[in-house]
Asker: 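Handing you a structure now.
Everything numeric here is computed off the predicted structure, so don't read it as measured data.
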Amino acid sequence: NADARLNSTANEVGQAAYNGAEDALAGNDNNNYSGDKQIAYANAQTAYTAGLTGQAATTQLAINNPVAYKVGLAAQKAITDSDSNINEAKVTDSAYHKSFSQQQQAAYDNAVKAYQAGSDDNYTEQDQKAAKLNAVANKAGYAEFAGIVDASYGNHNNQNYYANNSHELKVYNSAQSDFFNGLQNNGQNSSTTGYDVGQAARQGIEDSNTNTNAANEPNSGYNDWHPIKQAAYKNAQTAYQAGLKNDASSADAQLNQMANTAGLAAYQGATDAAAGNQANQANYAKDSINSTAYTNAQKAYTAGLYVHPNTADARLNPTAYNVGVAARQEITDSI
């Protein structure tokens with residue numbers, strides 16, 4: 001009868017709307033419908049996008065399908081949570097578990113996956129699949145990655161690229177801050193990827209102070225690191241070596257200012273040792289890395305001066321050691 005046909009049609013339109021939201025939360029648009037069903041599907045997709053992009057609930061797009069709009073809001077929340085390294089799926093008393101529908105949970109999960117893929121440079125095959133789940137989340141995650149990469153190379157080259165997107169710019173800047181927090185070992189936002197990469201750069205400096213290179217140590221775990229973490233380590237060591245040559249302005253020196261300053265401290269330590277003093281030691285006393293660089297260079301110089309090869313002190317800084325050896329040779333030649 002007419003009522004039954006009407007109910008059947010309404011059900012099909014409702015199903016099309018549901019499918020529109022279901023496809024949207026997975027990053028898909030498969031609108032093969034016609035008539036009212038096509039409109040219902042499209043409205044669900046645009047309502048989802050309205051929620052995802054933070055448009056007001058009073059906009060017509062949101063009003064067209066409030067359920068799909070809330071699904072989009074769940075995806076947006078996943079992005080803002082990811083900015084702060086939070087995943088509500090892992091918090092038992094969160095809205096995710098208490099009030100989210102299955103579609104909202106799926107939208108949240110997919111946005112988290114897409115964000116994480118972007119922050120990983122869409123590096124693996126799994127990342128590349130996850131990236132398609134939510135393009136907005138993936139771009140935000142990639143802004144984090146770009147911030148870390150630029151910080152690892154001592155610059156903020158991509159900052160202008162994000163100037164027209166306030167959220168992505170915020171993510172980029174936060175990632176840079178996290179890197180420097182890790183580099184300085186201050187414990188702020190220590191659970192973030194940026195902090196972890198900054199720690200790798202710091203390790204590069206500390207290892208340079210003892211003439212160690214994790215890339216050459218089979219048990220260091222270096223070969224299992226993400227490429228950007230390896231790059232941060234390498235760049236710190238390169239900048240340190242530039243400083244050790246009294247170079248503070250070359251491209252190598254600019255890769256990591258903190259590392260370069262430590263290398264300059266080591267250079268000064270060797271220079272002072274060659275002059276027979278510790279004139280600049282007090283200048284580095286407030287910074288443990290620079291103080292160690294200065295002191296180790298002096299120890300290595302002294303090992304060279306007294307011809308103590310292959311000792312622990314000699315290995316601390318081969319450059320300073322060789323300066324000490326050269327000084328010893330001058331003394332010998334003058335006798």
Asker: Looking at Glu206, Gln203, Gln199, which one forms a side-chain hydrogen bond (donor to acceptor under 3.5 Å, both in side chains) with Asn185?
Answerer: Gln199

Asker: When you measure from the side chain of Gln254 to the backbone N and O of Ala248, does any donor-acceptor pair fall under 3.5 Å?
Answerer: yes

Asker: What I want to check is whether the side chains of Asp120 and Gln116 have a donor and an acceptor closer together than 3.5 Å.
Answerer: no

Asker: Taking C-beta and beyond as the side chain, do Leu61 and Thr49 meet within less than 4.5 Å on heavy atoms?
Answerer: no

Asker: Hydrogens and angles aside, do Asn189 and Asp178 bring a side-chain donor and acceptor to less than 3.5 Å of each other?
Answerer: yes

Asker: Sort and list the pairs that fulfil ring pair (Phe, Tyr, Trp, His ring centres under 6.0 Å) and have at least one residue in residues 310-335, not counting sequence neighbours.
Answerer: none

Asker: Quick one: list whatever passes side-chain contact (heavy atoms from CB on, under 4.5 Å) with Thr212, sequence neighbours left out.
Answerer: Asp207, Thr210, Glu217

Asker: With a cutoff of under 4.5 Å between side-chain heavy atoms, which Ile, Leu, Val, Met, Phe, Trp and Tyr residues group with Tyr96?
Answerer: Phe100, Tyr108, Val112

Asker: Could you pull out the closest heavy-atom pair between Val171 and Ala140, with the gap in Å?
Answerer: CG1-O, 3.3 Å

Asker: Is Ile331 reachable from Tyr306 through a run of I, L, V, M, F, W or Y residues, each pair having side-chain heavy atoms under 4.5 Å apart?
Answerer: yes

Asker: With a 4.0 Å cut-off, would you call Lys229 and Asp196 a salt bridge?
Answerer: yes

Asker: Does any pair with a residue in residues 203-237 pass ring pair (Phe, Tyr, Trp, His ring centres under 6.0 Å), and if so which ones, sequence neighbours excluded?
Answerer: Tyr123-His226, Tyr222-Trp225, Tyr222-Tyr233, Trp225-Tyr233

Asker: Who passes ring pair (Phe, Tyr, Trp, His ring centres under 6.0 Å) against His156, sequence neighbours left out?
Answerer: none

Asker: Between Asp83 and Lys170, is any pair of side-chain heavy atoms under 4.5 Å apart?
Answerer: no

Asker: Just to verify, what does Ala24 make a side-chain contact (heavy atoms from CB on, under 4.5 Å) with, not counting sequence neighbours?
Answerer: Gln45, Tyr48

Asker: Rounded at 0.5 Å granularity, tell me how far CG in Leu244 sits from OG in Ser208.
Answerer: 9.0 Å

Asker: Under a single-linkage definition using a 4.5 Å side-chain heavy-atom cutoff for Ile, Leu, Val, Met, Phe, Trp and Tyr, are Leu133 and Val71 assigned to the same hydrophobic cluster?
Answerer: no

Asker: For a 4.5 angstrom cut-off between non-hydrogen side-chain atoms, does Asn322 reach Thr319?
Answerer: no

Asker: For Asn110 and Asn134, does a side-chain donor sit closer than 3.5 Å to a side-chain acceptor?
Answerer: no

Asker: Can you name the side-chain contact (heavy atoms from CB on, under 4.5 Å) partners of Asn19, sequence neighbours left out?
Answerer: Gln15, Tyr33, Tyr41

Asker: Mind checking who shares a hydrophobic cluster with Leu316, ILVMFWY linked at side-chain heavy-atom distances under 4.5 Å?
Answerer: none

Asker: Quick one: side-chain contact (heavy atoms from CB on, under 4.5 Å) partners of Asn138, sequence neighbours excluded?
Answerer: Ala114, Ala117, Asn122, Ala131

Asker: Got Leu73 and Leu52 here, is their nearest side-chain heavy-atom distance under 4.5 Å?
Answerer: no

Asker: Other than Ile63, which residues form its hydrophobic cluster under the rule that side-chain heavy atoms must be closer than 4.5 Å?
Answerer: none

Asker: Is there a path of hydrophobic side-chain contacts, each under 4.5 Å between heavy atoms, that joins Leu305 and Val325?
Answerer: no

Asker: So which pairs with a foot in residues 270-289 pass side chain to side chain donor-acceptor pair (under 3.5 Å), sequence neighbours left out?
Answerer: Gln268-Asp272, Asp272-Asn280, Asp272-Tyr294, Gln278-Gln298, Asn280-Asn283

Asker: Going by distance alone, is a donor N or O of one side chain under 3.5 Å from an acceptor N or O of the other, for Asp252 and Gln241?
Answerer: no

Asker: Connecting only ILVMFWY residues whose side-chain heavy atoms lie within less than 4.5 Å of each other, what is the rest of Tyr240's hydrophobic cluster?
Answerer: Tyr142, Phe145, Ile148, Val149, Tyr153, Tyr161, Tyr162, Leu169, Tyr172, Phe179, Phe180, Leu183, Val197, Ile205, Ile228, Leu255, Met258, Ile289

Asker: Is Glu144 reaching over with its side chain to a backbone N or O of Ser119, donor-acceptor style, under 3.5 angstrom?
Answerer: no

